[in-house]
Each structure stands twice: as structure tokens, then as C-alpha cells.
Amino acid sequence: MTRLWYGGDYNPEQWDSSVWKEDVDLMRQAGVNLVTVGVFSWSSLEPSPGEYQFGWLDQVLDLLHAGGVSVDLATPTASPPPWFSRLHPEALPVTPDGVRLTHGSRDTYCACAPAYRSAAAGIARALVNRYDNHPALAMWHVHNEYGAVCYCSLAADRFRDWLRERYGSLDRLNAAWTTAFWSQGYADWQDIQPPRSTQYLVNPTQFLDYRRFWSDELLKAFLEQKAEIRERSSLPITTNVVFGGWVPVNHAQWASAVDIVAIDHYPSRTDLGAEEQTAFGADLARSWAGGKPWLLMEQAAGALNDGQRLHAKEPGRMARHSLSHIARGSNGALFFQWRASRGGSEMYHSALVPHAGASSRLFREVADLGSVLPRLEEVADSQVVAEVAVLWDVECWWAMQGTHLPSSSLDYLAAVQDAHRHYWRAGVTVDFAAPSADLSSYKLVVVPSLYLISDEAAASLAAYVEGGGQLVVGYFSGIVDPDVQVRLGGYPGAFRSLLGVRVEEFHPLPADGVVELSSGGQGRLWSEDVEAVSAEVVDRYVGGVLDGKPAITRRQVGAGTAWYVSTSVDSETAAGIFGLSPSEVETVRRRSGSGDTTWTFLFNHGDAEVVVPADGVELISGVAVDGELSLPGGGYAVVRSP
Ligand code: GAL
Ligand code: ZN
């Protein structure tokens, strides 16, 4: 039976065993049905090399099972114990500056160190040997948030092997990396290093290749553990990926290696931006999962953290965020962590059971949500309906991080978030898609700042338009190929003929600069000297050096249309051009496989009550809805309609 999972990371090794019984009682009270155990338990499981201590975990798993709580059992490999670092100092990671880190936090290991890899496989094997038959187990959770990068000599060796495989010869590598510039030509593989700290700008292709390599290397490390587990267990195996600028993982590529895509999500904004970020993260996760169900493995129960301070979540907000993830395809809502720590590095991180204990507003809300989720279980496994796709490509993001760009305001992630926001504000659900994906099911595809694109992807986008698609290409797209080399002859290289435009020069704007458009809208950050070769001009620049020149163009191609937007437009301007109307109510539709049933998730992000058209049954209240439904400020509802 498919269910919606509810619970989170449970780290009982921090607590005296007398607390465990109360934990399980409270979990039952809260409707918790899944906890992740063991994520950072290596030193408790193997206090000295080869000496395992499983007794405490046996007890914990038995207690959970007796309480009806399933377990997502983790391998603890994101945090090797102190003895490991003492015995294998070469497995401590080295920063780009050449500083070797010391044990004392977590994630302090080098994924390229053979000692680390075999120890990681070893502890995974020990766990599966002991627990493969434990009745509490529902899922395996390998590692935690793969991400830590290293620049040591072991990593350099692996990097060279990876490069040999990618390029075959130094000639091809030299050509791809444009090493003739600045005397970087390589005559010996041994001379190639990771992109460590250097005098001035780093080689952009070397930088991008290191990112590609590191993602591949971490994936190998994951697959080694997965293989150990798969030998004895047929349960689903996953790893929780996190999304962030520091995470060198190609999530979309990793998705095919896991049995269910799992993400951690911690908004960094505290205003309505947190809701927008929630939708963004969830839509990305669904795209990585190829539209199939995925799982929100971690979020914070009680507080948003903007990096400066905690902001307690207002009443109802924790449930709203959880339901927003579920609306967008998550088969549940899990949290870090079950019980707030008394000490240790994250003792002020919120939890399902706060420091105040179960007698608290937070825990009451946790228990409320736990009672609501079983009423929504019928939505699990249904399909999210989206007619708009926004392209997302991690290599493009990495390339823009590693290249000396024509403006420091160019920011791939921000451009993608802007595009997502235009539709989110209008209540339109968006899928993310890879540039080379089959996009024929979408009415509209938006391409924000796709700086790097392959010939194949460009051809597939052209075919999408020919076949009747609407394509909106944003500024600074199609500029370089996968070797980070400029496509010559005029920007936007890969899209020039499809869009029917040619750009000779960029005109980046000052960080706070604004350019007026003839439609009355505004452009920011960026502008270009656009020549409409075979495109119709939709909007023009007003004033300044580009006065009267095209800013936005449109071209009929086959049965479709290709638009070019050569500046960064805000949501109001985008709404004006593309006919979107702002909505305070976020609406996400899901449809059953047969198409017979639709579930509509509604979230009122405003303070005032709104009345929306709806028919069917509201699942949280169980009340029939006939024609209209009223949602109080901050309210939410899930309506099943035939
Ligand atoms: C996650 C991590 C958890 C915990 C959490 C705090 O990234 O997996 O272990 O540190 O952040 O927000
Ligand atoms: Zn290393």
C-alpha cells in the first residue's frame, strides 16, 4: 500500500535509553510512521575499528517496530569516527587552498580516498548483514547529502583518470580547455591538477570538468554502498540530496541511480519567499524524479533560518509547507529531526519535539498534521498536472559559476528562480525539464539564461517549436558549447536562427540599473543590441544607447513560436507580456493514472479570506464542496473531484 510518510531523522544515540520509550509513545501520538535512523551513528556503531556495537540499535529498531513506526535505515558514512581519521590521515579532505581539515565536525572525509571508500562499503555491509530481515525496515538511506569536495592528490589522480576517459588524448583536452591561452598547454597528464587556488582566473573548462568529475565520483561512491545493500535486501534504496550552490551533484543524473528521489529542503527566506522556494524545490525534485513520486526527506519543523537568525514558523506554516511538497509530488513529509538536541552542533535547530517538550504549540501542530495526512493518502502516486516547463541544467549553472562573465550580476539560479516565480505568482504549476528532454507535452517552455547548451539540445528545442511549441528564450542563452567555448558569428549562438535574431554586443546594466521598455515594462541587469533578422519585434528599449532597438521578439517557426527576451524582466512585466494574472491562491492539480479523478490543492497565501470555485469533497474536513469553497487567510484545502 502506498502511504504518505510522516516523521523524520531520529538520532536516539544522543539520549539515554529511558527517553526512547517516550519517543515511540509520542511518535504514535503524532501519527509518525517513518523515521530515519543511524545517519550520523558511525562512532556509536563501530567505536573502534572492526568492533561493532549493535545492541542499542537492535533495541531502538525493536521498540520502533513494536510501536508501528517504520524505519529508513541510514548508513553513517557522512561522518567517519575520530579513529578513522587518526588511522587514515590521507582521507581527511583538502581545501582549494591546500589546507587539510581536521576531524571535529561532520562530512570531513575525502570521497577519493580508498580507505574511506572501503570503510564506507564495510559499514554498509555490516548494517545490511545485521538488519536486512528486521521487520521495522521500509527503506535504506545511503549516506547524507553527498556534497563535500576535496582537492587533494588522491582526488587529482582520480580526476586525471576521469579526464583520460572523457578526452582520450591530451590533444583533445588541450583543445577543449583552450590551454593555448595563458601557456596552459599540457604535455603530461601528471601536470593536470584540480582547480585549486591559483594566481588569477581559473580555467573555466577545467573548473566545469572538476564539477562533472566530482559528481560522477560521488555517484560511484553511492553505487558501491548501494551494491552492498542490494546483495541482501530488496527494499528501496535512496540517498537524500540537497540543493544548493555548494552541492556538486548532478541531481537529474543521480535520480536514475536511486529507487526514490529524496530531497532535503530548507528555505532561506522567511517571507512569502519561503513558500515560493518550497514550490521551487518541490518542482525540481519532481523533475529529477521524472514526474514520479519523490520524498521530502528533511525540512525544519519549527523555524526558518535566513542564515542570520531563526524565524519561528507562524501557526499553520509547517503544515502548509508540508502540504505544498505533497501537492507537488512528495509521498510524505519528513523532518530533521525528531527531538531537539540538548547539546552538540545543532542544538538550536528546531525539531518535532522541541526543547519545551510535547506540551507545546509546535508538537500540537505536529500531531494535527499527523492526523490529517492519512486522509490524503489517496493522492499518493497520482500525477502532478503542469503545462509549462522551465529548463534547468546543472552544468549550465556550474559553467556560469566558473567563468569570468561579462557581468557579475549574471546568476543562473536567480534567472531560473525568476522564471519560476512569474508562473508561481500567477498560480500556474511548472515542471522543470532538461534541455534535451522530450517537451512535446508542454504548451510553453521557458529557457532562462541557458548560457551553455549542446548542439543536440538546441536541435531538440528547435524541433519542439517546429512541432507547435511555444518557446520563450531568456537573455544570455545559447552562448557557449559544452566545452565552454563561445559559439561564434553573433549571439545567442545556438538559438540565433531559431529566434531569428542576431546580437553583436552585450550591454550589461549596473546592478541597480533599469531600462524602460516601450510596452511600459522594465528590464533589469542586462540588455543586448538585438537585430531582428527574421523576427517580429514585440517590445523595444526606450532611452539610452539602445533606444528603439528590439528588446523582445517573436518568430513563427513551423506550427510554433519562438520568443526572445533580451533583458531580465520582473514578474509584473512578464505578466503583461505573457498575459498572466497574479493570484494569491496557489493551485496545484494532481490526476489519477486513469484520469478519472483530480485532486486540487489550494493554498491561500494572503491574509484575507478568498472564495474559489470548487466541486467535490474537501478531504481534510471530509465536507462536500458544491460550486465554491472559502479559504481563510493562510488556509489550505484539498478537493477531490471526479
Ligand atoms: C541537513 C542535514 C541534517 C541537518 C539539517 C539541519 O542538511 O542533512 O543532518 O544538519 O540539515 O538543517
Ligand atoms: Zn581528497
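Whatever order the structure lists ligands and atoms in, that order sets their numbers, starting from 1. Keep in mind that the numbers below use all heavy atoms, side chains included, and drop hydrogens, waters and symmetry copies.
The Zn ion (ligand 2) lies at the vertex of an angle of 120° between the SG atom of Cys150 and the SG atom of Cys110 (rounded to 10°).
A cation-pi geometry, defined here as NZ or CZ lying under 6.0 Å from the six-membered ring centre and within 45° of its normal, does not hold between Arg212 and Trp398. Both tests hold for Arg339 against Trp15: distance to the six-membered ring centre under 6.0 Å, angle to the ring axis within 45°.
Considering backbone and side-chain atoms together, Glu145 places an N or O closer than 3.5 Å to an N or O of ligand 1.
Between the side chain of Asp97 and the backbone N or O of Val99 there is no donor-acceptor pair closer than 3.5 Å.
Counting heavy atoms under 4.0 Å from ligand 1, residue Arg106 touches it through the side chain alone. The proximity of Asn305 to ligand 1, defined as any non-hydrogen pair under 4.0 Å, does not occur for either the backbone or the side chain.
The atoms of ligand 1 that sit less than 4.0 Å from any heavy atom of Asn144 are 2 (C), 8 (O), 9 (O). Every atom of ligand 1 with a heavy atom of Asp264 under 4.0 Å away is listed here by number and element: 8 (O).
Taking the six-membered ring where tryptophan is involved, the planes of Trp42 and Tyr116 are tilted, since the angle between them lies from 30° to 60°.
When hydrogens are left out, the protein atom nearest atom 5 (C) of ligand 1 is Tyr266 OH, 3.4 Å; that is the closest non-hydrogen contact.
In this structure, the side chains of Trp140 and Gln225 stay at 4.5 Å or more apart for every pair of heavy atoms. For the pair Leu64/Met27, a side-chain contact is recorded, criterion being any heavy-atom separation below 4.5 Å from C-beta on.
In the candidate list His349, Glu298, His265, Glu346, Glu298 is nearest to atom 1 (C) of ligand 1, counting heavy atoms.
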